[in-house]
Amino acid sequence: MPKRLAKKVAIVTGASRGIGRAISVALAQEAATVVLAARSIQKLQETADQVTKAGGKADIVVTELTEEESIKNLVKTTTEKFSRLDILVNNAGVTHSAKLEETATEDWQRCIEVNARAPFILCREALPLLKKAETGYIINIASVVGVKGYPLQSAYTSSKHALRGMTISLAEELRGSNIRVHLLCPGGVDTDLVQKVRPDIKKDELMQPEEIAELVVYLVTYKGNAVIDELHIRRAASAPWF
Ligand SMILES: NC(=O)c1ccc[n+]([C@@H]2O[C@H](COP(=O)([O-])OP(=O)(O)OC[C@H]3O[C@@H](n4cnc5c(N)ncnc54)[C@H](OP(=O)(O)O)[C@@H]3O)[C@@H](O)[C@H]2O)c1
């Protein structure tokens, strides 16, 4: 069977581990070229090796998502090297766990910067290239906290609500264009991040990063008239509709 993402170019942020690494490898299994963005060069190299082994091509762009120039450089490098972009996955994220009254402004700011400001800048910078694609895809990874509120997570929750709001507006702006905009709202996934905020969830009840990655591949390979705006993805052990 021909690979469905051959010749397609994707940017994946937060590609150095967790869900971002799984998404990168899953796209590579369909022969995509994946531009891997995060800060840790060593971990990015590990992902790049897995991408190559899976049948895709990898390119590393070390990126600090709190810095606008670094985000712009990610798109500039992609443009210079590949002259195209088909898929943008805004996956990178940080969290903070504390009561609101004990949350430092800097912790709030960091969540907003990485989880909401960076995807905004990246969407803006990438849109000219995505508009040239046959079909372009923007996949924003929010969270269950993008539609709900949780105690001890006010900074994280605010940032994901902001990301969701931006995504809805952008989808409206791009309605009728060649670009499809999707939001994924997962519950607990077995990564470093969940260990920090929900160590109470049993490991064997968490979802695997590959399960989220499979859904991304589904969205970026679907060609029909049906469009899924938002996916709520929960652990089987958690309450329906979160
Ligand atoms: N795990 C869950 O239960 C869960 C549930 C719902 C939603 N999510 C969302 O899914 C996404 C991925 O989460 P994960 O669980 O895979 O987390 P993770 O394992 O902690 O990975 C986070 C990724 O973001 C990158 N990153 C963090 N800060 C960055 C910065 N300033 N500049 C550039 N890259 C940065 C990290 O790379 P470096 O450290 O190398 O820079 C890493 O690749 C996040 O948006 C998260 O909010 C996760």
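Just so you know, ligand 1 is whichever comes first in the structure, and atom 1 is the first atom listed for that ligand. Keep in mind that the numbers below use all heavy atoms, side chains included, and drop hydrogens, waters and symmetry copies.
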Notebook entry, point to check: Among side-chain atoms of Thr66 and Glu64, is any donor-acceptor pair under 3.5 angstrom?
Noted result: yes
Notebook entry, point to check: Going by heavy atoms in the side chains, are Lys8 and Val220 under 4.5 Å from each other?
Noted result: no
Note to self: For Lys72, is there an ion pair with Glu68 - N to carboxylate O distance below 4.0 angstrom?
What the structure shows: yes
Margin query: For Arg175 and Glu172: C-alpha separation, side-chain torsions, deciding distance, then whether salt bridge (Lys or Arg N to Asp or Glu O under 4.0 Å) applies.
Written below: CA-CA 5 Å; Arg175 192 169 161 176; Glu172 277 286 0; 3.1 Å; yes
Check: Do the non-hydrogen side-chain atoms of Met166 and Cys123 ever get within less than 4.5 Å of each other?
Finding: yes
Checklist line | Every residue of the protein that comes under 4.0 Å of ligand 1, judged on heavy atoms | finding: Gly14, Ala15, Ser16, Arg17, Gly18, Ile19, Ala38, Arg39, Ser40, Thr63, Glu64, Leu65, Asn91, Ala92, Gly93, Val94, Val114, Ile141, Ala142, Ser143, Tyr156, Lys160, Pro186, Gly187, Gly188, Val189, Thr191, Asp192, Leu193, Val194
Check: Is it true that Asp59 and Lys57 have a side-chain N and a carboxylate O under 4.0 angstrom from each other?
Finding: no
